[in-house]
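First up is the structure itself, then whatever we jot down about it.
Hydrogens, waters and symmetry mates are skipped; everything else that's a heavy atom, side chains included, is used.
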Amino acid sequence: MNKQELAKMMGISLKTLYNWEKEKPDLVRLINQGLALDQSIEETRKHLERLEQIKENASNGKFNLK
């Protein structure tokens, strides 16, 4: 799958995907792992949202990982 196909499947622009690669490599790695494990895009999206929530909480001094 090329980057344009991945961006389309994720419902994001190619520019957004490039920005993620540059600014949020963890997100891109998680997407790639999900695809390698044949997870659905929806399931991968949930993991991405959870990762963002954890990072946001950690930056605000909250460390609840539940």
Side-chain angles (χ1 to χ4, degrees):
M1 172 180 309
N2 66 35
K3 289 181 182 182
Q4 189 167 0
E5 292 169 333
L6 177 59
K8 184 177 180 180
M9 191 162 63
M10 292 294 296
I12 59 173
S13 70
L14 189 55
K15 183 178 179 179
T16 298
L17 182 57
Y18 285 130
N19 287 338
W20 283 4
E21 287 179 323
K22 188 195 257 182
E23 299 170 14
K24 300 178 181 182
D26 292 341
L27 293 179
V28 176
R29 186 170 43 250
L30 187 59
I31 291 168
N32 288 332
Q33 287 173 348
L35 293 173
L37 296 172
D38 199 27
Q39 291 180 341
S40 71
I41 291 299
E42 199 55 41
E43 189 173 343
T44 301
R45 215 177 263 176
K46 288 177 187 177
H47 291 301
L48 291 172
E49 290 171 2
R50 183 67 184 128
L51 179 62
E52 283 299 306
Q53 181 74 38
I54 290 169
K55 285 183 176 184
E56 184 179 324
N57 287 345
S59 69
N60 291 329
K62 300 174 185 173
F63 295 99
N64 184 1
L65 299 179
K66 292 182 182 179

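- Residue Y18 holds its OH atom at 4.5 Å from CG of L14, rounded to the nearest 0.5 Å.
- With sequence neighbours excluded, no residue satisfies side chain to side chain donor-acceptor pair (under 3.5 Å) with Q4.
- One finds the NZ atom of K22 at 13.0 Å from the CG atom of L17 (value rounded to the nearest 0.5 Å).
- Residue pairs meeting the salt bridge (Lys or Arg N to Asp or Glu O under 4.0 Å) criterion with at least one partner in residues 1-16, sequence neighbours excluded, are K3-E21.
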